[in-house]
**Q** 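Structure incoming, see below.
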Amino acid sequence: MDYVKLINCMRCGMCLPTCPTYRETFLETASPRGRVALMRKIQEGELDQSEQLLEYLSLCLDCQACATACPCGVNAGELVAEFTCERKAGNRLGMMEDLVLRKLLPHPDRLETAMVPMRLYQRLGLQKLVRTLGVLKMFPKPLGRMEGLLPDLPDQPLRRVIQEDMPGRGEARGTIGFFLGCVMSLIFSEASRASMDLLTALGYRVVTPKNQVCCGAPHMLSGDKAGLKEAARKNVDIFGGLDLDFIVTDCGGCGAELKKYGLHLGDDSSIAFSSKVRDISQVLALHKDELKALLKPVSLKATFHDSCHIAHSQGIRREPRDLVRLIPGLEFVEMENADACCGSAGTYNIGKPEMADLILNRKLEAIRATGADVVVTGNPGCLLQLKKGLADHLPRVKTLHLTELLARSMDA
Amino acid sequence: MGAPGLFRGIGGIRGTMNPLFIKELEAIVGRPHTLSDRESLAVYGYDATPELESRPGAVLLPGTAGEIIRIMELCHGAGVSVTPRGSGTNLSGGAISGSEGVVVQTSRLNRIIEIDEENLTATVEPGVITSTLHTAVEERGLFYPPDPGSMNISTMGGNVAENSGGLRGLKYGVTADYVMGLDTVLADGSLLHTGGKVVKDVAGYCLNPLLVSSEGTLGFFTAITVKLIPKPQTKTTMLAHFPKMRQAALAVSAVIAAKIIPATLEFLDKVTIKCVEDYAHVGLPLDVEAVLLIEVDGHPVVVEEEAAGVEIICKQHGCSFFQTARDAGESLRLATARRTALSALARLRPTTILEDATVPRSRLADMLKVIQDAAQKYRVTIGTFGHAGDGNLHPTCLTDERDKDEIARAHMAFDEIFDAAIAMGGTITGEHGVGLAKKKYLPRLVGESGIRVMRGIKQAFDPKGILNPGKIF
Ligand SMILES: Cc1cc2nc3c(=O)[nH]c(=O)nc-3n(C[C@H](O)[C@H](O)[C@H](O)COP(=O)(O)OP(=O)(O)OC[C@H]3O[C@@H](n4cnc5c(N)ncnc54)[C@H](O)[C@@H]3O)c2cc1C
Ligand code: SF4
Ligand code: SF4
């Protein structure tokens, strides 16, 4: 890790109030400033990589709220992730990690066969598998704790059944390459279907190459940078062969990773790939008037939760709100600290359930205070985490992906 | 890391800080709130002051004022020193302790105890974040003016201990002007009440002002009562561009001479403008030497009149472009941009040394010249911004701690700047405090008698010298 990135932190503390783990603990070791200092002191030889130190660093959610707050351009969350990745890179992949990262994720067919039906495989040990590697960037809690809470799984993963090339309706607007995240395809296929419906209704031709592979974020989490690069290469080649205006995803986590391909691989084709990547909200927001004409009244009170991967990593905040506000009859209320992490954060809630619960409870309290009927968000990890939390504590409130809500209004 | 000897005396008695003693502390605040592992101690060794670091012997996070009393009693008996800490954002090394002392962080004492609308006061625990108090009182149409750049994280205890200023200091004054009452735990654990909700009080020595800006060396605040005022009905934010730095400085003096007292009158020089613009993108000009950010507030009629006056005066002094914020959102963006000045400057180079020299307002233009000359003479980059209306500038040296030669030159430049400030009838620190960082300059300013009186006061409050020792003098 580059030492300068660490000493750029001037210790001003501006990041402290936005860091979820500092907010819960008030501990310097659980703050962005403290984390940067810990890593710096390792490099300076003042501290070694003790278990205690690694434990402190592992409490970071990589939500990057600190990066948004830091005026010096320090990204403590990303630096911790980089540190973890570098540290793990020295180790050989465990058997389980090797199986999933190398043998399953890069091969959607195998992954899907392994995942369906979920329940059966949970019994056969998939639970452990998922736990060890955090396949889905986002499973909240050990699966056992949420077994009955998984949303009804689609009969077929969307990738299997989707029409690879969907023509646009009405006036032609261009061609979109659709990046279908693993979890969107396997669990939230309704939302991705809604995303495609909205795009085609606006006149876009939507191409969803079936041979695309996992975005690589789970590899990064496990320190498997080679695996990440391999995934990136594959996707860049697949989408690069098509003549596209945008590459769109409705998974915040995938979007954040796809936008970094250019950085990871550094060649022209991957830079071109990354520059075309958009979160679905960015593309829909280009056509607000046209979209508004398609929407019918929905009488709901809605609030919006910013996914870290969308608000902090990609800097997108206004577009999704503008879109929710387009819906006639819908009342929009902001919740307090809408861009504070919900505690899902990849596999975080598996490894750090107590902290994840504290953070989730704060989020649920903010949702409760709005009196909303529905929480809207743009990332599958947040959807799972909020679904679980709300079912336990606030069952009146439902969760919807942004495009599900919009499609509902379109089809109302 | 600092001059040799700088850290002398910042811990307590050698050898007392041992596992048994830490167990006793743990019995007071509880296990999860007692930190003594290497890693924790290492990250409680700094605050926001560049170059200064020293590990404490233990860190405590008490949850009640009662626990603070018991900590003080125990440490007093054992001769262990205690350094209060809020959020660790001070810029003078005030929250740094030696290895024989404990750091006591107040963050868990974060209740707003009362907002008294009849007496126009608020009483808070010391760990309340400044901007949290702002929000709470503004919801009721009231106003707590002190607003340091760090207000989203600084604590009220830290603000009182440093007598922090802010962007609204020109019209509304600094923290000291609002502190009405304090509950202070003294070195031996006894409790001292000073002041209260009364507006007038001449019973004996006036101790509040003495405790304000005591930097944790006289007592530990456990409750703070501050004065509130009605929230100004309206405000207007303006931005004036000046091709020459001197023009801006003269405009500041002229505005005040015209008997207009803006709430905010902030100055940013070219280096700062560029950094802030790179970070905040609010449309600051990149081709001028200085901008002034001006805010007038109060009754709508007066605000309009004063804003017009400010515009005329700025234009008379060579202002090349004058912009009035169209709405509250734009005002906020401009003010926020100014708030980030320090951190934005810090982007340029790894190490940022920020100073706090303050001169009578009428000498502002001279001071700016001194800073410019010193930067040139010692070949260092200095960005200057600050509370121009208060004569309080923040010349900020952008450097790299790995370049020892440059660091040495930076300190020489500041030496000259401080001497000039003193010669102009100014001071070495307007709001950041002396702490460790400015210790060596204090005698130059207050002289031997000043130091003698201060030592006497310290002796009266804390004869054993266990409260934040080694700071100020
Ligand atoms: C980006 C930035 C901008 C800033 N802008 C300004 C500004 O505009 N104006 C300004 O004046 N300052 C400013 N500061 C300096 C700093 O924020 C203030 O000094 C602030 O008051 C410190 O608060 P804190 O809670 O961080 O206190 P700390 O840094 O934790 O402590 C400061 C001092 O107060 C003592 N202390 C803390 N709590 C107590 C207590 N309960 N009882 C007794 N003593 C106590 C400590 O021992 C220490 O000496 C800025 C700092 C930064 C990093
Ligand atoms: S990470 Fe950024 S905001 Fe946080 S203390 Fe360091 S410089 Fe300040
Ligand atoms: S990424 Fe999130 S949890 Fe980690 S330091 Fe930054 S704000 Fe805190």
Side-chain angles (χ1 to χ4, degrees), chain A residues 2-19 22-59 66-76 315 336 354, chain B residues 32-33 35 37-50 52-53 55 59 61 85-91 103 105-108 110 127 129 131-132 149-154 275-276 278-280 337 339-354 400-402:
Chain A
D2 196 354
Y3 182 59
V4 175
K5 284 192 193 162
L6 296 171
I7 64 174
N8 270 338
C9 169
M10 66 165 302
R11 298 180 172 167
C12 65
M14 299 292 242
C15 52
L16 268 57
T18 65
C19 173
Y22 182 77
R23 251 203 301 255
E24 298 302 336
T25 61
F26 298 121
L27 294 176
E28 190 69 23
T29 46
S31 77
R33 177 172 69 178
R35 288 174 178 135
V36 173
L38 288 173
M39 291 183 283
R40 173 177 173 166
K41 286 173 190 300
I42 293 176
Q43 286 216 1
E44 289 172 347
E46 191 188 328
L47 292 176
D48 41 41
Q49 297 192 20
S50 65
E51 231 164 85
Q52 179 73 75
L53 187 145
L54 298 177
E55 175 65 25
Y56 283 142
L57 289 182
S58 71
L59 204 62
C66 49
T68 301
C70 177
C72 301
V74 177
N75 186 335
E336 201 178 328
E354 295 89 11
Chain B
H33 308 301
L35 315 172
D37 55 294
R38 266 168 72 81
E39 291 77 15
S40 293
L41 299 181
V43 297
Y44 278 95
Y46 55 75
D47 49 31
T49 319
L52 298 183
E53 243 184 276
R55 282 190 210 182
V59 179
L61 286 86
R85 178 178 172 106
S87 296
T89 68
N90 80 85
L91 295 161
V103 163
Q105 183 182 336
T106 60
S107 306
R108 290 178 62 224
N110 61 354
I129 302 296
S131 66
T132 306
S150 51
M151 66 184 196
N152 287 333
I153 182 62
S154 70
C275 295
V276 169
D278 281 352
Y279 166 66
R339 254 173 227 298
T340 60
L342 168 57
S343 323
L345 273 171
R347 283 173 98 98
L348 280 200
R349 299 283 305 280
T351 311
T352 313
I353 307 179
L354 165 94
D400 187 330
E401 60 198 272
R402 294 167 297 182

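Each chain gets a letter, A, B and so on, in the order its sequence line appears, and its residues count up from 1.
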**Q** Could you tell me which portion of B:N90 (side chain, backbone, both or neither) has an atom closer than 4.5 angstrom to a non-hydrogen atom of chain A?
**A** neither

**Q** Side chain, backbone, both or neither: which part of B:L35 has a non-hydrogen atom closer than 4.5 Å to chain A?
**A** side chain

**Q** Is it the case that the side chains of B:E39 and A:T29 hold a donor-acceptor pair, with the cut-off being a distance below 3.5 Å and no angle test?
**A** no

**Q** Relative to chain A, which segment of B:R108 carries a heavy atom at a distance below 4.5 Å: side chain, backbone, both, or neither?
**A** both

**Q** Check whether A:T18 gets within reach of chain B through its side chain, its backbone, both or neither, counting any heavy atom under 4.5 Å.
**A** neither

**Q** Would you mind telling me which of B:P350, B:S150, B:P32, B:G88 has the largest number of heavy-atom pairs within less than 4.5 Å of chain A?
**A** B:P350

**Q** Quick check for you: to the nearest 0.5 Å, what is the distance between A:M39 atom CE and A:K5 atom NZ?
**A** 10.5 Å

**Q** If you look at every heavy atom in A:G73 and B:R347, which pair is closest and at what distance?
**A** N-NH1, 3.6 Å

**Q** Between B:G127, B:S154, B:A344, B:A42, which residue shows the highest count of heavy-atom pairs closer than 4.5 Å to chain A?
**A** B:A42

**Q** Please classify the contact between B:R55 and chain A as side chain, backbone, both or neither, with a heavy-atom cut-off of under 4.5 Å.
**A** side chain

**Q** Return yes if some donor-acceptor pair links the side-chain N/O of B:T340 with the main-chain N/O of B:S343 below 3.5 Å, else return no.
**A** no

**Q** Just give me the residue among A:P71, A:C72, A:G13 that pairs up with chain B most often, heavy atom to heavy atom, under 4.5 Å.
**A** A:P71

**Q** Measure distances from A:L6 to the heavy atoms of chain B and classify the residue's part below 4.5 Å as side chain, backbone, both or neither.
**A** neither

**Q** Is it the backbone or the side chain of A:Y56 that comes under 4.5 Å from a heavy atom of chain B, or both, or neither?
**A** side chain

**Q** Whether A:R40 and B:E401 form a salt bridge (side-chain N of Lys/Arg under 4.0 Å from carboxylate O of Asp/Glu) is what I want to check.
**A** yes

**Q** Heavy-atom distances under 4.5 Å only: say whether A:C15 touches chain B with side chain, backbone, both or neither.
**A** neither

**Q** Looking at every heavy atom in both A:D48 and A:L53, which two are closest together, and how far apart are they?
**A** O-CD1, 3.7 Å

**Q** Go through the side-chain N and O atoms of B:S107 and B:Q105 and say whether any donor and acceptor fall under 3.5 Å apart.
**A** yes

**Q** If you count every heavy atom of other residues, nucleotides or ligands that lies below 6.0 Å from A:Q43 atom CD, does the total exceed 12?
**A** yes

**Q** Return the option, out of A:S31, A:C12, A:A69, A:C9, with the maximum number of heavy-atom pairs under 4.5 Å with chain B.
**A** A:C12

